[in-house]
Structure formats: C-alpha cells, structure tokens
Amino acid sequence: MHDPTSDDPEGMTIRERSQHSGPAPAGTASAGRSGLGAEEPLVDRLGRGLDDLRISVIDRCNYRCTFCMPADRDYQFLPREELLTFEEIARLAGLFVGLGVHKIRLTGGEPLLRKDLPALVEMLASIDGVEDLALTTNGVLLERMAEPLAAAGLRRVTVSLESLRDDRYGAINGVGHPVAPILRGIEAAQRAGLEPVKVNVVVQRGVNDDEVVDLARELGRRRCVVRFIEFMDVGTLNDWGEAKVLSAREIVQRVAAGLPLTPRARRRASDTALRHEYLGGTPDGPPAGLEVGAIASITEPFCGDCTRARLTSEGALHTCLFSHAGLDLKAPLRGGATDAQIERLIADRWRRRADRYSEERAERMASGSRVAEPKIEMYRIGG
Ligand code: SAM
Ligand code: SF4
Ligand code: SF4
C-alpha cells in the first residue's frame, strides 16, 4: 500500500485502478472578449451557455476509492510530459474565460498531488474575469496546503469525506487512511479563510447510508456545508447499480429526522440540488441557517442547466462528465496554434454540444433498457 500522504505522485506504487456538485447558475455566456462578436452568444444545441470550467490537473490519486478507482486494478497514468504545463493550463483558461467562463474549479485525480499547485492558482487568480476559483480534494494534503493555496488566490475548497469511522473510511478510500487528518485539513482551510468549506459525501446504500445524520451533525457543528451526492455511474469500474443509490430526497428525509431542516428557496425551478438549512436548536449540532444539500444527479437529473466544460490533465475538452471522446486541445496548443484558432475550436465544439447523459439514463431506467456506453473514468476527467 502506498503512503497517501506522499505528495510525490511519481513515487507512488503504480497499482492503479461530478458532481456533479450541482447545477451551475443559468448561463448567460456571451462571446465576451473572444472576438467572436457580442451579438453571437455562445450556446450549445440545447441553448446552454458556457459558464464554468473544471480543470483536472493530474490523473493520479493517493486514494483508491471504491466508487471511483477501485484498488483491485492496475492503472496506467500519463507520463509527466503529457500533462499540460501550468502555462498551457493558464493560456487555455484565459481563452475559456474569454468565451464566457466565470468559475474555475481545480480537480483530479487528486489535485494536491500536482507539484507547486499554488503557482497555478496564482496564475489563474490573476486572469481578469475569473470570479470564483475553487478546488475539490480528498483532503489528505490539505492541512499543509490550505494556507499557501489561499495566499495564492484560491477562494473555496470542497473536501470529499464519506465516513467519520476510521475502519469504514479506510475501506472506502481503499488505502486505509484515517479520518482525523481530513478533519485537520478542513480546520486548516477554515483558518486560511476558505470558508465555508464544503464537504462532498457520496452516499451508497449499504455502505455509509446509516451515517448521514452523524456526518451532517458533526460536519455541520464544524460549520461545513455538506453536499450529499447520489452514487453515480461514472466510469466503468465501480460496479454501479440502482440498488446502491439512496435518492437525494431520502437522504434529506433521513437528515431531517435527526436534525430539523427547512428548505431553501430554489434558485430556479429546475434546481435539483435539494438545498436546505438547519433550524438549529440541537445541542452540539449545526448552527441555524447553515446550508445542507443533496445532489440528485441520478433521480432528478439537471442536464438542462449544465453549463460546465471539463478539461482533462492531458488537455482534452469534454462537454459532459460521462462523455468518452474529448477534443484534443494539447496538439494545437503545442503545434503553434494562435489563441484565435484554439478559441474557435472550443467554441465550435460547444456549439455542437447536445450532451444530456443523466437525463437519458433516467429515461433508460424508466423504460428498463440497459445500454452500456463507453465512458471516461472519473479520476481522469475530474469530478
Ligand atoms: N480526488 C478529489 C476528491 O476526491 O475530492 C477530486 C476528484 S474526485 C473524482 C471529485 C468528486 O467526485 C469527489 O467529491 C468524489 O467524491 C466524486 N465522485 C467520485 N466518484 C463518484 C461516484 N461514483 N459518484 C458520485 N460522486 C463521485
Ligand atoms: Fe481519488 Fe477523488 Fe477518485 Fe477518491 S474520488 S479515488 S480521492 S480521484
Ligand atoms: Fe451531467 Fe452531462 Fe448532464 Fe451535464 S450534461 S448534467 S455533465 S450528465
């Protein structure tokens, strides 16, 4: 077993195997500074703008979560020279911002394994038009990285944590890593001003569904905004099945049975992040007004609001978490293409976009049909 606290991905034993984090605000993407013409808004075939960008900075991970990269497989990682450099990432990010992107989130693999990540954060934070710069991490290296990341311009952090019990957490993360360092990482992020810290909890029936109230109480007590996430059929390795999905509505009901909640107004009719807030009054529990939510990616998909592009660590643009084929941007980048040429490639791809995988899955589930489709693995595209 490798040491998950090592921040040298090259030094790891290479035995390898989205969140959605909720819908993005309704798209008002415009061609902005892109030179494509303000009268020519960039929307896809379903009328969705391009508002946010997830950038995977590395495909490696120090965990082997059962729902993402199960430990019983060997994985091939990209050689270092195939990863986009920070300069390449920043150049592409600037072009995406010119096409309408306001929000950037760094992910992976485990993004904190990427050497000198604060240097990239600084480059991205300095791009005019980036209103939100966030990071999703398993938290293993957060205790020491929170301060330098915040100093470099990171605004927010989301930590993934599926259990508060060491034995269970160690089994889920696949490498036996305990809970306490993750909680210390969250505290370090709070001290660094990256508040409110969000915590993603993938809920699997029969695995950690009995812990949702405990997680909500303890993490809420620590002022974290918890986002419970329905177990998704990302990638091809996690042995997904409907029977393992606890619906977002059921998750919320269970939390509400232990901790009084009130629904928050939906930002849009189609908003399927079931957002609630605590009423408070529970001794040693979450403060009144703190948000808690559940993401219904499976049971109430929200493709109609999806304004998110994804860039893999090797420079492929994916327009859906579940897509297989990405558009290679590294070749033109390294082949001397101009900004205008690359921008045109991105814009053309976005205009042709018609992805609505989760809605199609729901339709298939409703009709009882099963079609296995090729999909990119989650650790490669980033959640
Ligand atoms: N390694 C980082 C982490 O775990 O936070 C960032 C990458 S991870 C792929 C991004 C998010 O995807 C995490 O919050 C993780 O829990 C979530 N995720 C991975 N597999 C999932 C699945 N099968 N269903 C739902 N969410 C999943
Ligand atoms: Fe690694 Fe994140 Fe996937 Fe877990 S969910 S294996 S921490 S990339
Ligand atoms: Fe998820 Fe793809 Fe639907 Fe977007 S289009 S919400 S990434 S399934």
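Counting from 1, the numbers follow the sequence of the chain as shown. Numbering of ligands and ligand atoms starts at 1, following listing order.
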Which segment of T136 sits under 4.0 Å of ligand 1 when only heavy atoms are counted: both
F96 six-ring centre to R310 NZ/CZ under 6.0 Å and within 45° of normal: no
Any N, O or S atom of C306 closer than 2.8 Å to atom 2 (Fe) of ligand 3: no
Option whose closest heavy atom lies nearest to atom 26 (N) of ligand 1, chosen from L237, V202, V245: V202
Where ligand 2 meets Y63 - atom numbers and elements under 4.0 angstrom, heavy-atom basis: 6 (S), 7 (S)
Sub-3.5 Å N/O-N/O distance, F67 and ligand 1: yes
Ligand 3 versus R310: contacting region, heavy-atom distance under 4.0 Å: side chain
Geometric class of the Y169/H177 ring pair [parallel <30°, tilted 30-60°, perpendicular >60°]: perpendicular
Heavy atom of G108, distance to ligand 2 below 4.0 Å: no
L279 reachable from V226 in the ILVMFWY side-chain graph, under 4.5 Å edges: no
Heavy-atom pair with the smallest gap, counting every atom of A134 and L154: C-CD1, 3.8 Å
For atom 6 (C) of ligand 1, the option (of S160, G139, S297, G109) bearing the nearest heavy atom: G109
Cation-pi geometry met for R361 and F322 (6.0 Å, 45°): yes
Atom indices of ligand 1 within 4.0 angstrom of E110 heavy atoms, with elements: 1 (N), 2 (C)
Whether C65 has an N, O or S atom under 2.8 Å from atom 1 (Fe) of ligand 2: no
Charged N-O contact under 4.0 Å between R105 and D132: no
Interfacing atoms of ligand 2 (cut-off 4.0 Å, heavy-atom, N138): 7 (S)
